[in-house]
Amino acid sequence: MKIATFNINGIKARLPAVTQWLDEAQPDVVLCQEIKSVDEAFPREPFEERGYNVETHGQKGFNGVAILSKRPLEDVCRGLPGDDSDEQARWIEATVMGDSQAVRLCGLYLPNGNPAPGPKYDYKLAWMERLEARARALLEEEMPAVMAGDYNVIPQAEDAERPEAWAEDALFLPQSRAAFRRILNLGFTEAFRARTDAPGQYSFWDYQARAWERNNGIRIDHMLLTPAAADLMTECRIDAEIRGREKPSDHVPVWIELAA
DNA sequence: ATGTCCTTAAGATAAGGA
């Protein structure tokens with residue numbers, strides 16, 4: 001089962017790029033972030049005619065997450081638990097049946113947090129505490145689980161072309177990286193780094209200043225696997241080349257193959 | 001070189017978010 005995460009940066013603007021990639025990559029599941037659409041306005045038809053089931057958790061103007069799946073999605077839950085006053089659409093989860101076993105899928109769009117310090121950074125750190133709590137609960141279940149999405153965290157210096165440029169940024173501040181590491185250290189496997197220590201591998205390049213042409217990127221889109229899921233992983237790759245196409249997202253897909 | 005892009009609110013451009 002091929003499972004991908006992709007921050008598409010607006011479904012209305014990205015429909016041609018996303019459908020072209022779907023037709024080529026043929027993922028079974030895609031966890032999408034930044035759909036920037038309310039549920040009612042999400043264009044379901046292009047995906048349904050390709051055989052995907054569509055579950056969205058949108059909001060007006062920004063944020064918004066979705067799951068596309070060729071297999072039926074069950075037990076869909078929207079919103080990260082832990083704060084009923086949080087109205088930002090950043091979390092969706094569902095269960096998909098593999099050939100041999102069920103997998104719990106969590107799609108997340110972690111807050112950017114800039115400028116730091118400030119209320120937006122406080123919100124990011126509080127959101128990460130809630131994520132840690134949900135991660136603990138997932139580990140206690142027997143089902144293999146994947147938490148994938150735009151984490152807005154650069155885990156290590158080797159995950160940025162110019163780490164010095166991010167020293168004061170919410171994506172790379174020690175507190176952000178420590179919170180990410182606390183979640184990993186519960187027992188999760190970060191899929192990409194479990195398979196390679198190659199430098200220069202990124203998932204985001206800014207639209208500005210010819211960042212793509214210079215490979216001035218950062219790796220902030222991650223897939224965290226519970227031990228039961230990590231045992232099933234046979235592949236993890238970044239489809240970087242689509243960043244160079246017409247009207248691309250500033251992020252590219254990251255995907256795993258699970259023998260589930 | 002904060003050099004771009006996407007969104008909404010308007011009804012042309014400007015602001016917020018990233």
Side-chain angles (χ1 to χ4, degrees), chain A residues 5-21 30-44 46 56-66 80 86-91 107-128 131 148-155 159-173 175-177 179-180 202-222 238-254:
Chain A
T5 177
F6 192 0
N7 181 324
I8 61 176
N9 189 14
I11 186 58
K12 295 178 192 73
R14 211 63 61 215
L15 203 47
V18 172
T19 51
Q20 183 188 356
W21 170 74
V30 187
L31 303 161
C32 299
Q33 302 88 40
E34 284 205 270
I35 64 173
K36 296 187 177 179
S37 167
V38 292
D39 296 335
E40 307 76 59
F42 189 92
R44 309 174 65 91
T56 61
H57 179 41
Q59 75 179 84
K60 194 171 185 175
F62 49 104
N63 301 331
V65 288
L80 182 63
D86 183 3
E87 295 183 347
Q88 299 196 30
R90 297 181 174 277
W91 178 269
L108 68 101
Y109 176 47
L110 205 147
N112 176 293
N114 283 304
K120 291 186 176 179
Y121 194 55
D122 294 341
Y123 174 66
K124 177 178 193 150
L125 295 178
W127 203 93
M128 293 184 85
L131 176 60
D150 177 357
Y151 278 75
N152 269 316
V153 173
I154 303 166
D159 298 312
E161 185 72 10
R162 298 182 58 231
E164 69 281 4
W166 299 92
E168 309 298 324
D169 193 284
L171 280 60
F172 195 53
L173 282 175
Q175 269 186 287
S176 307
R177 298 164 57 201
F180 182 75
Y202 309 124
S203 66
F204 169 93
W205 297 260
D206 199 289
Y207 287 123
Q208 302 185 69
R210 298 171 50 82
W212 164 251
E213 289 79 358
R214 298 173 180 181
N215 198 29
N216 181 15
I218 52 177
R219 200 175 64 87
I220 56 176
D221 297 273
H222 308 301
I238 301 176
D239 286 343
E241 67 284 354
I242 75 167
R243 182 63 178 78
R245 293 180 178 173
E246 283 293 298
K247 223 168 147 53
S249 172
D250 40 7
H251 297 250
V252 297
V254 181

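For clarity, every value in this text was computed on a predicted model and none was experimentally measured. The figures here come from the full heavy-atom set of this structure, side chains too, leaving out hydrogens, waters and symmetry mates. Lettering of chains follows the sequences in order, A, B, ..., and the numbering in each one begins at 1.
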Roughly how far apart, to the nearest Å, are [N] and [M] at atom [atom1]?
| N | M | atom1 | answer |
| --- | --- | --- | --- |
| B:dA18 | B:dT2 | C1' | 12 Å |
| B:dG16 | B:dA10 | P | 14 Å |
| B:dG3 | B:dA15 | P | 15 Å |

Whole-Å distance separating the [atom1] atom of [X] from the [atom2] atom of [N]:
| X | N | atom1 | atom2 | value |
| --- | --- | --- | --- | --- |
| A:E246 | B:dC6 | CD | P | 11 Å |
| A:E168 | B:dT2 | CD | C1' | 17 Å |
| A:D250 | B:dC6 | CG | C1' | 9 Å |
| A:E213 | B:dA1 | CD | C1' | 16 Å |
| A:Q59 | B:dA18 | CD | P | 10 Å |
| A:D206 | B:dA1 | CG | C1' | 13 Å |
| A:E34 | B:dG16 | CD | C1' | 13 Å |
| A:K124 | B:dA18 | NZ | C1' | 11 Å |

Q: Could you check whether A:R214 gets within reach of a base, just the sugar-phosphate, or nothing at all, counting any heavy atom under 4.0 Å?
A: base
Q: Identify whether any heavy atom of A:Y109 sits under 4.0 Å from a base atom; if not, whether one sits that close to sugar-phosphate; answer base, sugar-phosphate or nothing.
A: sugar-phosphate
Q) Among A:V153, A:I220, A:L110, whose side chain to side chain contact (heavy atoms under 4.5 Å, CB included) with A:L171 holds? A) A:I220
Q | Heavy-atom closest contact (A:P46 atom, A:L15 atom, distance) | A | CG-CD2, 3.9 Å
Q: For A:D169 and A:N114, run side chain to side chain donor-acceptor pair (under 3.5 Å): C-alpha distance rounded to whole Å, both residues' side-chain angles, the deciding distance at 0.1 Å, then the answer.
A: CA-CA 7 Å; A:D169 193 284; A:N114 283 304; 3.0 Å; yes
Q. Do we see a donor-acceptor contact under 3.5 Å between the side chains of A:E34 and A:N7?
A. yes
Q: May I ask you to check whether A:N216 and A:W205 show a side-chain donor-acceptor distance below 3.5 Å?
A: no
Could you pull out the protein-nucleic contacts involving nucleotides 7-12 of chain B (nitrogen or oxygen on both sides, under 3.5 Å)?
{"from": "B:dA9", "atom 1": "OP1", "to": "A:K60", "atom 2": "NZ", "distance (Å)": "3.3"}

Q.
Both A:A209 and A:P248 contact DNA chain B. Which one's nearest nucleotide lies toward the 5' end?
A. A:A209
Q) Under 3.5 Å, is there a donor-acceptor pair between the side chain of A:N63 and the main chain of A:R90? A) no
Q) Say you draw a straight line from CG of A:D159 to OH of A:Y202; how long is it, rounded to the nearest 0.5 Å? A) 8.0 Å
